[in-house]
Trainee: 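Quick one: this structure, given as structure tokens, is what I'll be asking you about.
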Amino acid sequence: MKKLFIIAIMAMIAPMSMMAQKFGHFNSTEIVSAMPEYTAAQTELENLAQQYQADLKRMQDELQKKGEDFEREQASLLDNVRQRRQQELQDLYTRMQQSVQDNQEAFQKAQQEKMSAISDKVMAAVKQVGEAGGYIYIMDVTMGIPYISTTLSTDVTADIKRALGL
């Protein structure tokens, strides 16, 4: 009898305790795009990409010029000189390909480092808002979550922006 009474009370209390739990959601895209760090990172990454493009263009121009010179002169070159020049062209082409690959890797690393720092800052603000507000979960609506009830969940985007000083 005592067990039945406890079970009955627990059955009534459990739904009430579920209602007391707080859930939140936020839009990370809106927050990140408002951060000055993001704007600075985008500018730095654009400058880096332009630098890599300029380097590639310089190498392409050099390869094209040397290739044209070789085409024009190859009939009059000795065999050993022609082979050496062909090898130089091949080496230049290989260096250009390696440079493209190295630049892509360096760009991706720089992009990841900059965005990771921004993401860490946002996540710290989310944690701060979550702890201060007593939230059980705070979910990012931009992460492909199929459905978030906006009536049962609080939009804490503005709170996170305030925590970041935006």
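Model, not experiment: these values are computed from the prediction.
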Trainee: How long is the gap from CG on Asp155 to OG on Ser153, to the nearest 0.5 Å?
Mentor: 8.0 Å
Trainee: Do you know the tightest heavy-atom contact between Phe107 and Leu45?
Mentor: CE1-O, 3.2 Å
Trainee: Would you please test Gln87 and Gln83 for side chain to side chain contact (heavy atoms under 4.5 Å, CB included) and show each step?
Mentor: CA-CA 6 Å; Gln87 186 60 46; Gln83 288 175 354; over 6 Å; no
Trainee: Less than 3.5 Å apart, any donor N or O on the side chain of Gln97 or Gln101 sitting next to an acceptor on the other?
Mentor: no
Trainee: Could you check if a side-chain atom of Gln64 sits within less than 4.5 angstrom of a side-chain atom of Gln60, using non-hydrogen atoms only?
Mentor: no
Trainee: Dump the intermediate steps for side chain to side chain contact (heavy atoms under 4.5 Å, CB included) on Met35 and Val122, then the final yes or no.
Mentor: CA-CA 10 Å; Met35 295 175 71; Val122 170; 3.6 Å; yes
Trainee: Say whether Met139 and Val156 are linked into one hydrophobic cluster, either directly or through other cluster members, by side-chain heavy-atom distances under 4.5 angstrom.
Mentor: no
Trainee: Hey, are Arg95 and Asp91 close enough for a salt bridge, meaning a charged N less than 4.0 Å from a carboxylate O?
Mentor: no
Trainee: Write down the atom of Gly130, the atom of Ile138, and the distance for their closest heavy-atom approach.
Mentor: CA-CD1, 3.5 Å
Trainee: Mind checking whether Val141 and Met143 sit in one hydrophobic cluster, side chains of I, L, V, M, F, W, Y counted as touching below 4.5 Å?
Mentor: no
Trainee: Hydrophobic clustering (ILVMFWY, side-chain heavy atoms < 4.5 Å, transitive) - are Val32 and Val129 grouped together?
Mentor: yes
Trainee: Where do Leu89 and Leu63 come nearest, in terms of heavy atoms and distance?
Mentor: O-CD1, 3.7 Å
Trainee: Let me confirm one number: the CG-CE distance from Asp120 to Met115, rounded to the nearest 0.5 Å.
Mentor: 11.0 Å
Trainee: So His25 and Thr150, do their side chains get closer than 4.5 Å, heavy atoms only?
Mentor: yes
Trainee: Give a yes or no on whether Phe23 and Tyr135 share a hydrophobic cluster (residues Ile, Leu, Val, Met, Phe, Trp, Tyr; joining criterion: side-chain heavy atoms under 4.5 Å apart).
Mentor: no
Trainee: Decide, yes or no, whether a salt bridge links Lys57 with Asp61 under the criterion of side-chain N to carboxylate O below 4.0 Å.
Mentor: yes
Trainee: CD/Gln53 to CG/Leu48 distance, rounded to the nearest 0.5 angstrom?
Mentor: 11.0 Å
Trainee: Has Gln74 got more than 12 heavy atoms of other residues, nucleotides or ligands less than 6.0 Å from its CD?
Mentor: yes
Trainee: Do Thr154 and Lys22 come close enough that some side-chain heavy atom pair is under 4.5 Å?
Mentor: no
Trainee: Do the side chains of Glu30 and Lys161 get nearer than 4.5 Å, heavy atoms only?
Mentor: yes
Trainee: Taking atom OG of Ser28 and atom CD1 of Ile118, what is their separation to the nearest 0.5 Å?
Mentor: 11.5 Å
Trainee: What heavy-atom pair brings Ala106 and Tyr52 nearest, and what distance separates the two atoms?
Mentor: CB-OH, 3.3 Å
Trainee: With side-chain hydrogen bond (donor to acceptor under 3.5 Å, both in side chains) as the test, would you mind laying out the steps for Gln108 and Gln104 before giving the verdict?
Mentor: CA-CA 6 Å; Gln108 288 174 348; Gln104 286 175 341; over 6 Å; no
Trainee: Return the OG to NZ distance between Ser116 and Lys109, rounded to the nearest 0.5 Å.
Mentor: 12.5 Å
Trainee: Can a salt bridge be assigned to the pair Lys66 and Glu88 using a cut-off of 4.0 Å between side-chain N and carboxylate O?
Mentor: no
Trainee: Would you sort out whether Thr94 and Gln90 count as a side chain to side chain contact (heavy atoms under 4.5 Å, CB included), showing the intermediate values?
Mentor: CA-CA 6 Å; Thr94 302; Gln90 182 60 41; 3.5 Å; yes
Trainee: Say you draw a straight line from CG of Asp140 to OG1 of Thr142; how long is it, rounded to the nearest 0.5 Å?
Mentor: 3.0 Å
Trainee: Test side chain to side chain contact (heavy atoms under 4.5 Å, CB included) on Phe70 and Arg82 and set out the steps.
Mentor: CA-CA 8 Å; Phe70 176 73; Arg82 184 178 357 183; 3.5 Å; yes
Trainee: Taking a hydrophobic cluster as the set of Ile, Leu, Val, Met, Phe, Trp and Tyr residues connected by side-chain heavy atoms closer than 4.5 Å, whether directly or through intermediates, do Leu92 and Leu56 fall within one such cluster?
Mentor: yes
